[in-house]
Protein chains: 2
Amino acid sequence: MRTSCPSTMLPFLQKLETRSILTEEEKRIILDLPFRPMRVAANQDFVQQGEELTHSCFILEGMVGTFGQNKRGERQITSVFMAGDMIDLNTVVIPQAIADLQALIPSTILQVPHSALRRAAGQYPGIAEAFWRECVIDAAVLNEWVMNVGRRDARSRLAHLLCEIACRTGRKPIEDGYSFPFPITQNQLADMLGLTAVHVNRTMKGLREDKIIDTVHRTVKILNWIRLTQLGEFDPAYLRLGGADSGCGGPVPVPLPPMQMVQ
Amino acid sequence: MRTSCPSTMLPFLQKLETRSILTEEEKRIILDLPFRPMRVAANQDFVQQGEELTHSCFILEGMVGTFGQNKRGERQITSVFMAGDMIDLNTVVIPQAIADLQALIPSTILQVPHSALRRAAGQYPGIAEAFWRECVIDAAVLNEWVMNVGRRDARSRLAHLLCEIACRTGRKPIEDGYSFPFPITQNQLADMLGLTAVHVNRTMKGLREDKIIDTVHRTVKILNWIRLTQLGEFDPAYLRLGGADSGCGGPVPVPLPPMQMVQ
DNA sequence: CGATTGTTTGACGGGTCTCAAACTAAGTGG
DNA sequence: CCACTTAGTTTGAGACCCGTCAAACAATCG
């Protein structure tokens, strides 16, 4: 277990700082968090539902999904995480895996012990709030997913997902011609959308024919961002990614002052 | 704004204590939380998506749902809250409504100012953790709902929802013959399940014909709990309601020691 | 270059939606 | 307490979106 390596915990700090204000001391605590790197192959489960956990998982590289299964074995991916995301900060307060965790592509995971995370949160209310806020944003995404699978047809559903991934991938403003890697199987896409792979394929074909997106290899190219967001009824505000300069046109989030300053 | 009335904040404290350990001092802080009561009629929106909020809403009595709409005006209820639930503790750390809030039946809401909640959380890490944990459990429910609307057919979907509501309503163990009030329109049910009211009606009829449930007036009576949970593929663990004595057969949650005690 | 995995396309079937109307329960005013 | 009104439930017939099954094709990998 390495105990200090700012260059790898840095993306975690950066993610936190897009949504929360941290003091210099708090930043250092985050950067000094201990971790153990772990390589995970595509389609490999590395956490099982119900399992007692002693650490949270940070994605240094790759893409990970949480999922559940039917009695009939049909999978539903309930959320997706990508490089820079701490997947299961929620297990810090409920150390039991709520769902299976599987790498969607080969990924590098950093395991960060709960003990260190709890110590940080307990000593620095600003950190506790930042962690709490991350969990709340993850829940906001879940909320959108319920909306997505519940009340949108296949075309709209796919459009929404692509918008979300595009925004979460991109640091730059999203405009026509923007492309991002999305090395995801149509089967995995189907499991995210509550559809079948066959229907995802046809739906994607439709988007391509209408010149809304294009797919080359495993990269998605956005041809008509406006149409895509309209189709997906997508408003990026819930992602809390930052201001207009994040490329999603959402309102600039005003981070609250740390809790300990509030009297 | 009343500033002390233990008898009304008591249900909030009780809810927290089923999942978190609080010190005597922390309990008193919770009971002394200020609030302003508000009466809300059925089908009345009382929070709009995007709205800046200065308080969270506790349900003293009634039932409330969060929901979104698509362009065609079709609603999706993304989560349901009932008496004893603090609906939007998440807005303490992100004071912007993520979704509309609507009373599903006539309800009594207690508005608790964020300032008081933040002060409590900032001064008492145990309270911060308890709040954070509540948000995480709400997210776990959302996770199940994605699974529900994504990969279960109407019958299974309805069964799962009824199981969830039964567990969240009941203090006693659930057994055949258990009945609980569920004064919800089939239209509202449809919006929770991502179905149409017509299909909800037919599906419910099927459950009645198979002697799995019965409905009299607006009360659901469970005739065959085992069958219902099997149909809904329901495992109550994610609800974190307590031990076997909660009637849901889940594992007894072991609350963590307060964060400040962890070194 | 062969084997495996993922994509694409076609034909058909089924679960759910849509539209419509009858029926029932609940609430309202005289 | 009774007409009246409104909201919610129930049932039927037909249409449609998406699933299922199957097979050909393309891409990836060792």
Side-chain angles (χ1 to χ4, degrees), chain A residues 41-44 63 70-77 102-106 148-161 181-209 213-220 231, chain B residues 41-44 63 70-77 102-106 148-161 181-209 213-220 231:
Chain A
N43 301 314
Q44 183 187 337
M63 197 173 269
N70 265 0
K71 290 282 154 58
R72 294 171 53 190
E74 299 164 328
R75 295 201 322 171
Q76 173 69 45
I77 298 181
Q102 182 178 92
L104 302 176
I105 56 176
N148 213 30
V149 290
R151 283 287 186 235
R152 289 199 261 260
D153 64 13
R155 190 178 169 87
S156 187
R157 234 182 266 191
L158 177 57
H160 189 96
L161 180 66
F182 195 41
I184 288 300
T185 285
Q186 290 186 352
N187 234 310
Q188 292 170 325
L189 257 180
D191 289 341
M192 294 180 198
L193 298 170
L195 298 169
T196 56
V198 171
H199 202 66
V200 165
N201 185 287
R202 291 191 233 267
T203 307
M204 213 137 191
K205 183 185 175 188
L207 291 183
R208 265 188 260 113
E209 286 172 350
I213 63 163
D214 199 6
T215 53
V216 277
H217 297 293
R218 292 287 175 75
T219 300
V220 175
L231 252 181
Chain B
N43 301 314
Q44 184 186 337
M63 196 173 269
N70 59 14
K71 291 282 158 56
R72 294 171 53 189
E74 298 163 330
R75 296 201 321 172
Q76 174 68 46
I77 297 180
Q102 182 177 93
L104 301 177
I105 57 177
N148 213 30
V149 290
R151 284 287 185 232
R152 289 199 262 261
D153 64 13
R155 190 178 169 88
S156 187
R157 236 182 265 190
L158 177 56
H160 188 96
L161 180 66
F182 194 41
I184 288 300
T185 286
Q186 290 185 352
N187 234 311
Q188 293 170 325
L189 257 180
D191 290 341
M192 294 181 196
L193 299 171
L195 298 170
T196 57
V198 170
H199 202 63
V200 165
N201 184 286
R202 291 192 233 265
T203 307
M204 212 137 191
K205 182 185 175 189
L207 292 183
R208 266 188 260 113
E209 286 173 350
I213 63 163
D214 198 6
T215 54
V216 277
H217 296 294
R218 292 288 173 76
T219 301
V220 174
L231 252 181

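Keep in mind that the numbers below use all heavy atoms, side chains included, and drop hydrogens, waters and symmetry copies. Order of the sequence lines fixes the chain letters, A, B, ..., with proteins taken first and strands second; residue numbering starts at 1 for each chain.
- Note on A:A154: only backbone sugar-phosphate atoms sit closer than 4.0 angstrom, heavy atoms only; bases stay farther off.
- Distance, B:N43 CG to C:dA26 C1': 14 Å, rounded to whole Å.
- Nearest nucleotide to the side chain of B:R218, out of C:dC17, D:dG8, C:dT8: D:dG8.
- In this structure, the side chain of A:Q102 does not engage the main chain of A:Q44 through any donor-acceptor pair within 3.5 Å.
- With a 4.5 Å cut-off on side-chain heavy atoms, B:M204 and B:I213 count as touching.
- You'll find that the side chain of B:T196 is closest to C:dT18, out of C:dG10, C:dT18, D:dT9.
- For the pair A:D153 CG and D:dG19 C1', the computed distance is 15 Å after rounding to whole Å.
- Regarding B:L189, its CG atom lies at a distance of 11 Å from the P atom of D:dT10, rounded to whole Å.
- Put simply, the side chain of A:R75 never gets that close to the backbone of A:M192: no donor and acceptor are under 3.5 Å apart.
- Rounded to whole Å, atom C1' of D:dT9 lies 12 Å from atom CZ of B:R202.
- Ranked by how close their nearest DNA chain D nucleotide is to the 5' end, A:G194 and B:T185 are led by B:T185.
- For B:K205, no side-chain nitrogen or oxygen approaches OP1 or OP2 of D:dT10 to under 4.0 Å.
- Following rounding to the nearest Å, B:L195 (CG) and C:dT18 (P) show an atom-to-atom distance of 11 Å.
- B:R72 has a side-chain polar atom (N or O) that falls below the 4.0 Å cut-off from OP1 or OP2 of C:dT18.
- Contact check for B:D153 versus A:R72: no side-chain heavy atoms found under the 4.5 Å cut-off.
- Protein atom NE2 of A:H199 is 15 Å distant from nucleotide atom P of C:dT16, rounded to whole Å.
- Nearest nucleotide to the A:E74 side chain, out of D:dC18, D:dT20, D:dT9: D:dT20.
- Among C:dG6, D:dG19, C:dG10, the nucleotide with an atom closest to any side-chain atom of A:V198 is C:dG10.
- The shortest distance between the side-chain N/O atoms of A:N201 and the OP1/OP2 oxygens of C:dT8 is below 4.0 Å.
- Between A:R208 and A:D214 the shortest side-chain heavy-atom distance falls below 4.5 Å.
- Which of D:dG19, C:dT7, C:dT16 sits closest to the side chain of A:Q186 comes down to C:dT7.
- Across C:dT9, D:dT10, C:dA26, the shortest atom-to-atom separation from the side chain of B:H217 is found for C:dA26.
- When the C1' atom of C:dC17 is taken as reference, atom CZ of A:R151 falls 10 Å away, rounded to whole Å.
- Taking atom CD of A:E209 as the reference point, atom P of C:dT8 lies 11 Å away to the nearest angstrom.
- Nucleic acid contact for A:R155: none, since no nucleic acid atom lies under 4.0 Å from a heavy atom of the residue.
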